[in-house]
A.B. asks: 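For reference, the structure I am asking about is given below.
Only this structure's heavy atoms are used, side chains among them; waters, hydrogens and symmetry mates stay out.
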There are 2 protein chains.
Amino acid sequence: MNPPAAPQSRRERLRAETSAEIKDIALKLLGEGGPDAISLRAIAREMGMTAGAIYGYYENRDTLVTALITDVYGTLLDTAEAARDKVPATDPAGRIVAWGMAVRAWALANPEGFRLIYGDPVPGYRPPAEGPVAEAGHRACAALTGLVAAAWPKARKLQSATSAWSDFDPALVAQVREEFPGLPPEALALSLRVWARMHGPVSLEVYGHLGRQSRDLTALYRAELADLVRSLGL
Amino acid sequence: MNPPAAPQSRRERLRAETSAEIKDIALKLLGEGGPDAISLRAIAREMGMTAGAIYGYYENRDTLVTALITDVYGTLLDTAEAARDKVPATDPAGRIVAWGMAVRAWALANPEGFRLIYGDPVPGYRPPAEGPVAEAGHRACAALTGLVAAAWPKARKLQSATSAWSDFDPALVAQVREEFPGLPPEALALSLRVWARMHGPVSLEVYGHLGRQSRDLTALYRAELADLVRSLGL
DNA sequence: CACATTAACTGAACGCCGTGTAGTTAATGC
DNA sequence: GCATTAACTACACGGCGTTCAGTTAATGTG
């Protein structure tokens, strides 16, 4: 995926390859059998190794899971950003809808990945408050803030609640203020709500709660996105 | 909880008591240690029994989990309905906000319960498509439809997408049409969207995704509910 | 080249888990 | 008083994450 072309010793290269192979097999098992199928023993079995050997590459199972989440989260955001960028920046509403549809499509195509990111991925796992997963969250947040920023001139009037930069994570604030200077904290708050609004239907659908009530969930989601852009004054 | 006062033999009574004790201890373990703490062995240990004995009361672990979900889902809905009913029916917007706030408050007070209902409760568990869990979902849905029904005269104008009764689960449709005669299928579709709109922020918060971005999530949620009732024309 | 070092890995163990099954105990119904 | 049966235990199986002593193979050094 990302070989930084730095000259490595043979040992380092092999090590990196094994490390990547572990992750790849874990992702394969995730896709095939869901989060539960990610067991160190199963991975090792697949590689012709012993489970203990993995501890030379990842501190423990949770560390590996965190690496997986980081990867999967990254591909989700890549997908969403690509879909967004197919719509010209002159059409902010279209970009928001494109993002939303892409997220849902990805989630339905990779339900296990979605569960890994947004659910209880694996028995005792708790996502660390800091680290790459939080950064992926910030990336998602910043992207949504970009979508909101494009709509902000119109959306501003519809916002009543006030916010302060101090309400938000410092790292996120720094990222957002650099990328979108002049944007007020209220826009960041709004982007979180936009995030949640897209997340709700997708999460309910992926976990099977909506499917028990209705078919044609696509239409439902489209209607929700339409209402969302209307809420933003677009 | 619900002793139906039917005359039972001593055996039946003891049996029911044991069955309830298993569930209660499972709920206790759930609250103390999260979904992972629900193991047949741990429950049996707590009761001074062996794990195998539980199989006399529940077919397997998943059956027990389903019973737990049913219970927990029921208390969530009881809580939300109680909060809703504290607001007079003449204030549909207030009832919707009350419902939403109650659901979030319950979820934050019982995160393990929320995860049990809406997440991956336990390693290999998959909620059955039929049975008490689906019924609880229908109950939630029907209650939300009631909230939407009260706002329908105003909300109707804001709905563009069309729906048909055949788009929905027959049992749910029967329930809704009996309770709210004259209400069109579009209202039911809208209630699902309302559900999802409340679910998004709560789910993200419970799973720690929003907390990594912002403090003061209560204000965020309030703003979202305010926007929701505005979307409904209230 | 030979040697010491060290990284990579195995194999076995520990204590968990869900799930069966054969055998025991105690209450029930006749 | 006795046969039946429900309730339960004891044990076993395979799976899990994790640790650790020991082995093997590659590396760097004289």
Side-chain angles (χ1 to χ4, degrees), chain A residues 7-23 25-26 29-30 32-69 116 120-128, chain B residues 7-23 25-26 28-30 32-69 112 116 120-128:
Chain A
Q8 295 175 318
S9 74
R10 172 179 157 76
R11 255 182 138 87
E12 284 170 332
R13 209 182 52 234
L14 286 178
R15 190 181 166 72
E17 274 171 14
T18 307
S19 194
E21 190 187 353
I22 292 172
K23 213 164 60 177
I25 291 186
L29 292 174
L30 172 69
E32 288 172 358
D36 315 323
I38 308 176
S39 79
L40 300 188
R41 295 188 120 103
I43 295 168
R45 215 178 295 131
E46 201 95 359
M47 298 177 63
M49 289 203 329
T50 351
I54 298 182
Y55 285 80
Y57 298 88
Y58 295 92
E59 202 181 324
N60 50 34
R61 189 202 51 163
D62 283 14
T63 310
L64 171 59
V65 169
T66 300
L68 293 179
I69 294 179
L116 192 70
D120 284 311
V122 126
Y125 181 82
R126 305 267 47 199
Chain B
Q8 294 176 318
S9 74
R10 173 180 156 76
R11 253 180 139 93
E12 283 171 330
R13 208 182 52 236
L14 287 177
R15 189 180 167 74
E17 276 171 14
T18 308
S19 193
E21 190 187 351
I22 292 172
K23 211 165 61 177
I25 291 186
K28 199 192 90 188
L29 292 174
L30 172 70
E32 288 172 0
D36 316 322
I38 307 176
S39 79
L40 299 188
R41 295 187 119 102
I43 294 168
R45 215 179 294 129
E46 201 95 358
M47 298 178 64
M49 291 202 328
T50 16
I54 297 181
Y55 285 80
Y57 299 88
Y58 295 92
E59 202 181 322
N60 51 35
R61 191 202 50 163
D62 284 14
T63 310
L64 172 58
V65 169
T66 300
L68 294 178
I69 294 179
E112 313 302 359
L116 193 69
D120 284 311
V122 125
Y125 183 82
R126 305 266 49 194

A.B. asks: Take the protein atom OH of B:Y58 and the nucleotide atom P of D:dC8, then report the distance between them rounded to whole Å.
C.D. replies: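 So the two atoms are 13 Å apart, to the nearest Å.
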
A.B. asks: What's the closest nucleotide to the side chain of B:T50 if the choices are D:dT9, C:dC16, C:dC9?
C.D. replies: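 Nearest to the side-chain atoms of B:T50, counting from C-beta on, is D:dT9.
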
A.B. asks: Can you confirm whether A:T66 sits close enough to A:P128 that some side-chain heavy atom of one is under 4.5 Å from a side-chain heavy atom of the other?
C.D. replies: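 Of all side-chain heavy-atom pairs linking A:P128 with A:T66, at least one is under 4.5 Å.
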
A.B. asks: What's the CD1-P distance between B:I22 and D:dA7, to the nearest Å?
C.D. replies: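 Taking atom P of D:dA7 as the reference, CD1 of B:I22 is at 11 Å.
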
A.B. asks: Specify the separation, in whole Å, of atom CZ of B:R45 and atom C1' of C:dC16.
C.D. replies: 8 Å

A.B. asks: For a quick test of reading the model: is some side-chain N or O of B:S39 closer than 4.0 Å to OP1 or OP2 of C:dC17?
C.D. replies: yes

A.B. asks: I'd like a list of close polar pairs between nucleotides 18-22 of chain D and the protein, N/O only, cut-off under 3.5 Å.
C.D. replies:
residue	atom	partner	partner atom	Å
D:dT18	OP2	A:Y55	OH	2.7
D:dT18	OP2	A:R61	N	2.8
D:dT18	O5'	A:Y55	OH	2.8

A.B. asks: Among residues at least two apart in sequence or on other chains, which ones pass side chain to side chain donor-acceptor pair (under 3.5 Å) with A:T18?
C.D. replies: none

A.B. asks: If you round to the nearest 0.5 Å, how far is CG of A:L64 from NZ of A:K23?
C.D. replies: 9.0 Å

A.B. asks: With a 3.5 Å cut-off and sequence neighbours excluded, list the donor-acceptor pairs that the side chains of residues 53-61 of chain B form with protein atoms.
C.D. replies:
residue	atom	partner	partner atom	Å
B:Y58	OH	B:S19	O	3.1
B:Y58	OH	B:S19	OG	3.3
B:N60	OD1	B:D62	N	3.2
B:N60	OD1	B:T63	N	3.0
B:N60	OD1	B:T63	OG1	2.8

A.B. asks: From CG of B:D36 over to C1' of D:dC16, roughly how many Å is that when rounded to an integer?
C.D. replies: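 Going from B:D36 (CG) to D:dC16 (C1'), I get 13 Å.
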
A.B. asks: Between side-chain atoms of residues 36-52 of chain B and protein atoms elsewhere (two or more places apart, or another chain), which donor-acceptor pairs fall under 3.5 Å?
C.D. replies:
residue	atom	partner	partner atom	Å
B:S39	OG	B:A42	N	2.9
B:E46	OE2	B:K28	NZ	2.5

A.B. asks: Please state how far atom CD1 in B:I43 lies from atom P in C:dC17, giving the value in whole angstrom units.
C.D. replies: 10 Å

A.B. asks: Using nucleotides 6-8 of chain C, report all nitrogen or oxygen pairs with the protein that are shorter than 3.5 Å.
C.D. replies:
residue	atom	partner	partner atom	Å
C:dA7	O4'	A:R11	NH2	2.6
C:dA8	OP1	A:R15	NH1	3.3
C:dA8	OP2	A:R15	NH1	2.9

